[in-house]
Amino acid sequence: MKILVISVTGLLIGFTAPAATAQQEPVISDANAGAQLYYDHGCYACHGYSGYGRVDLNNTGSPWLVNEEIFRAFLRARADVAPVLPSTSMPNYPANALSDEGVNDIFAYIRSLPNNQPDSADIPALRTILESAEQREYKP
Amino acid sequence: MSSKKPEQPKDPSATTVDRRGFLKGAATGAAALAVTPVARAQEPSAYRASFTAPSYQQMQRDAGLVELPAPDSRGVVRPGSDLMVQALKEMGIEFVASNNGSSFEGIQESIANYGSPPNHMPEFITALHEESSVDMANGYAKAEGRPMAVMLHGTLGIQHASMSIFQAYNTGTPMLLIVGRDVGFIQAHTADDMAAMCRSFTKWDAQPTTLSECIDTLHEAYRQAVTPPTGPAMVVIDIELQKEEAQDFDLPRFRPAVIEGVDTATAKDIAEKLLNASNPRLETGMFRTPKGIGAAVELAELIGASTSTTSTGGPMGFPQRHPLCGPGAESNYDYVLGLEADASDLSLKRPIVNSLTAQRDVMGIGFGSLREDYAPAPPGSEPTPLDRSPRQPQGTVLKVDAQASIPLIIGELSRLITPAKQREIEQRKARHARTNRETFLTALRVAVEEKKKGWDLSPVSTARIYAELWPLIMNEDWCLASPSNFSGAHHRELWEHNKPYSFLGTQGAGGMGYGPGACVGAALAARSRGRFVVNVQPDGDLNYSPGALWTAVHHELPMLTVMHNNRAWHQEYMFLQYLAGVRGRGTDRGHIGCVLRDPFIDYSKMAQAYGMDSEGPIENPALLTAALDRGVRSVKNGKPYLIDVVTQPR
Ligand SMILES: Cc1ncc(C[n+]2csc(CCOP(=O)(O)OP(=O)(O)O)c2C)c(N)n1
Ligand SMILES: [Mg+2]
């Protein structure tokens with residue numbers, strides 16, 4: 001576990017967003033309780049009410065969302081190991097403010113978020129935007 | 001019922017005459033000042049009032065015992081304020097936005113009644129707050145590249161207006177601020193040198209002491225406002241001057257500002273370098289007026305240079321979909337000329353307001369954004385990656401107005417271009433056009449895939465608002481007047497910004513409450529020009545200045561407001577939540593003071609209270625297009641409209 005924490009910290013320090021899509025392990029905790037915590041702790045502030053926002057959470061295949069342990073280590077690393085790490089503006093979540101159980105529930109909620117990205121060909125507005133840009137000639 | 005009138009002083013006009021006498025006395029040397037108002041304005045006001053007792057008439061008025069003159073008697077036949085209004089007319093001032101105040105009642109009455117038939121230009125625009133009135137002038141000038149006027153009531157009006165004057169100064173927006181001064185009325189409303197309250201963030205001010213000087217200073221204020229460094233200029237006008245009999249005073253003719261460009265030798269040198277380059281490049285920024293854009297387009301077409309643009313980030317930028325706009329066929333530029341933008345070889349950049357700090361910030365306030373070593377970007381001028389050519393080292397910078405310089409460069413070029421060169425240029429233009437078109441379409445395809453995320457989810461995604469709006473307005477002559485940084489700025493990737501006023505950029509100093517007034521100002525410009533103003537309105541921002549909605553209804557302005565209602569001052573929420581986390585005290589109380597819930601505010605009802613047609617709150621994204629369509633139709637029928645949309649936070 002310690003090794004894991006350190007390696008996550010290393011990732012944060014180096015700002016290296018892990019690129020590879022990691023194998024996601026099954027969810028165990030309570031997504032409903034997690035939804036409330038996601039709201040109360042303002043996760044939606046940056047990640048949207050549905051996981052789309054400044055930083056997307058939906059089905060991103062992020063290695064930090066592989067399982068509860070990694071996710072917890074990720075949240076704790078900044079707060080409990082090195083609170084003033086170079087910031088990505090992601091707040092710190094120390095154990096005294098958000099219990100392990102709470103973290104697990106939030107994890108379950110994040111993993112339950114629906115993927116909503118319809119085919120752009122099925123969205124009239126986006127289709128019109130593309131078609132008109134192709135057809136339109138510049139007029140002063 | 002008998003009413004006993006208070007006893008009149010023997011000579012009821014004596015007090016007035018004395019005060020007027022004092023004014024005249026204080027104006028000793030005013031003749032010289034009138035000739036050189038510039039020099040005068042840089043010093044604190046020459047005129048220092050003494051606090052004279054209120055006149056008999058003023059006390060009567062305070063006590064509500066005003067005796068109106070008999071209907072057929074006209075004390076003054078040709079009031080000074082008529083001439084002031086005539087001067088504004090001759091300078092082309094279309095609008096005077098104001099929240100009323102007796103210190104400028106002379107001018108207000110002249111705006112209403114001067115002339116036969118009574119005056120209609122400048123039109124008096126009724127504002128519910130001085131901050132909004134200045135924002136209106138800001139939005140108007142950003143859209144048109146020229147000033148309108150604002151009238152402020154003494155010390156109070158200036159203080160209410162001060163943040164928006166500060167914002168306009170930060171963006172170098174030209175405007176004419178007229179402040180009424182009445183030393184004999186409520187003492188708290190007057191001061192010796194009111195303009196000093198915002199001298200550090202106005203370009204120029206004056207306090208004339210005679211009618212003749214007043215007209216001169218109005219003219220000079222206009223010239224100062226539009227001459228680089230452009231910015232707000234203020235004239236404080238005594239009520240006495242507004243009310244005095246002008247008799248046969250001859251109104252001097254307005255001389256427009258003369259703005260210098262580069263000298264002929266430099267113009268020739270630039271022309272030769274552009275011509276000798278095999279792949280010349282123009283980096284373009286925010287021009288002063290639409291004319292500057294026209295000149296830049298002409299230059300780009302003449303020389304066949306690819307160009308960058310700031311039109312997705314602010315007003316007065318090079319048209320985004322002009323065939324030459326984009327990276328061009330090859331990026332091995334061998335001569336890069338900056339026109340109000342940085343460039344690796346030579347930049348022509350007009351001076352900006354921070355060059356005035358030493359002169360204007362006499363109190364040494366030291367505003368962060370106005371330090372001389374700090375160059376504020378023009379409003380939202382950061383180009384998108386699409387528009388920007390690879391970062392280049394900064395070349396020589398000439399502090400000169402690009403707009404005034406381009407015609408000289410074009411003149412030289414026209415003489416130098418040979419038929420052989422012309423053929424080469426035409427071929428280059430065709431190559432650039434093909435690549436630029438492809439670059440635009442490729443970026444658009446990528447953007448569309450990004451914008452569809454969470455398309456059907458509730459609350460509504462900010463991208464969906466911009467995406468659904470565009471097909472409804474793309475064939476209109478539209479203007480996005482609200483800042484878009486809090487609502488995702490999705491127009492930058494989805495819409496096409498080809499007009500000087502396509503997007504009016506940011507607040508100037510990040511001051512909230514700017515949006516509603518600025519949009520009304522843009523809509524004032526739009527009303528007679530068949531234009532359509534879009535306001536994507538964050539909730540926090542609206543709550544500082546909701547009264548601007550009433551102005552939009554009252555003056556029948558073409559303005560569609562779509563709420564970005566995330567029910568929070570969300571930017572601050574994110575900051576606070578982060579700090580709470582850093583302090584290790586938990587993030588579940590970070591909303592305190594940052595959210596607009598318990599109760600939610602009903603913006604549709606708010607709009608209705610101001611007389612504006614509206615609907616919402618819309619939480620289901622499937623209902624959005626039809627609502628937007630109703631909104632667009634209402635605005636096209638001359639009625640502003642508001643749609644409350646409950647949105648994702650960002
Ligand atoms: C006059 C003023 N007061 C306070 C602030 C601090 N401030 C910056 S952003 C912001 C919140 C803006 O809320 P809103 O307009 O609803 O946009 P949102 O962030 O919610 O999208 C505040 C209060 C400011 N910039 N200006
Ligand atoms: Mg908000």
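By convention in this document, chain letters (A, B, ...) are assigned in the order of the sequence lines, proteins followed by strands, and residues within each chain are numbered from 1.
Between B/K453 and A/D56, the closest side-chain pair of non-hydrogen atoms falls below 4.5 Å. In this structure, A/S50 and B/Q648 have side chains that are in contact, with non-hydrogen atoms separated by less than 4.5 Å. At a threshold of 4.5 Å between non-hydrogen side-chain atoms, the residues A/Y49 and B/P649 count as touching. Between B/Y573 and A/Y44 the shortest side-chain heavy-atom distance falls below 4.5 Å.
Not one N or O on the side chain of A/Q117 forms a donor-acceptor pair closer than 3.5 Å with the backbone of B/G454. In this structure, the side chain of B/Q577 engages the main chain of A/G42 through a donor-acceptor pair within 3.5 Å. The main-chain N or O of A/D40 is never found under 3.5 Å from a side-chain atom of B/D588 such that the two would form a donor-acceptor pair.
Of the two parts of B/R585, only the backbone, made up of N, CA, C and O, holds a non-hydrogen atom closer than 4.5 Å to a non-hydrogen atom of chain A. Proximity to chain A (any heavy atom under 4.5 Å) is restricted, for B/H570, to the side chain, taken from C-beta onward. Heavy-atom distances place the side chain of A/I123, and not its backbone, under 4.5 Å from chain B. Neither the backbone nor the side chain of B/S461 comes within contact range of chain A; no heavy atom of the residue lies under 4.5 Å from a heavy atom of that chain. Heavy atoms closer than 4.5 Å to chain A are found in the side chain of B/W470, but not in its backbone. For chain B, no part of A/N115 is nearby; none of its heavy atoms comes within less than 4.5 Å.
If you tally non-hydrogen atom pairs under 4.5 Å between each of A/A97, A/G48, A/P124, A/P118 and chain B, the highest count goes to A/P118. The candidate with the highest count of non-hydrogen atom pairs below 4.5 Å against chain A, out of B/K451, B/M474, B/E468, B/R437, is B/M474. Interface check for chain A: of the options B/R583, B/E496, B/R464, the most heavy-atom pairs under 4.5 Å are formed by B/E496.
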* **side chain to side chain contact (heavy atoms under 4.5 Å, CB included) between B/M574 and A/C46, worked out** => CA-CA 8 Å; B/M574 291 190 287; A/C46 299; 3.6 Å; yes

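One finds the CG atom of A/N116 at 10.0 Å from the NZ atom of B/K452 (value rounded to the nearest 0.5 Å).
Taking all atoms of both residues into account, the shortest heavy-atom contact from A/A125 to B/P471 is O-CG, 4.0 Å. Nearest heavy atoms, B/T587 versus A/H41: OG1-ND1, 2.8 Å.
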Can you give each donor-acceptor pair under 3.5 Å made by side-chain atoms of residues 132-140 of chain A, sequence neighbours left out, with the distance rounded to 0.1 Å?
| unit_1 | atom_1 | unit_2 | atom_2 | d |
| --- | --- | --- | --- | --- |
| A/S132 | OG | A/T128 | O | 3.0 |
| A/S132 | OG | A/I129 | O | 3.3 |
| A/E134 | OE2 | B/R445 | NH2 | 3.4 |

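Counting non-hydrogen atoms of other residues, nucleotides and ligands closer than 6.0 Å to CZ of B/R531 gives a total above 12.
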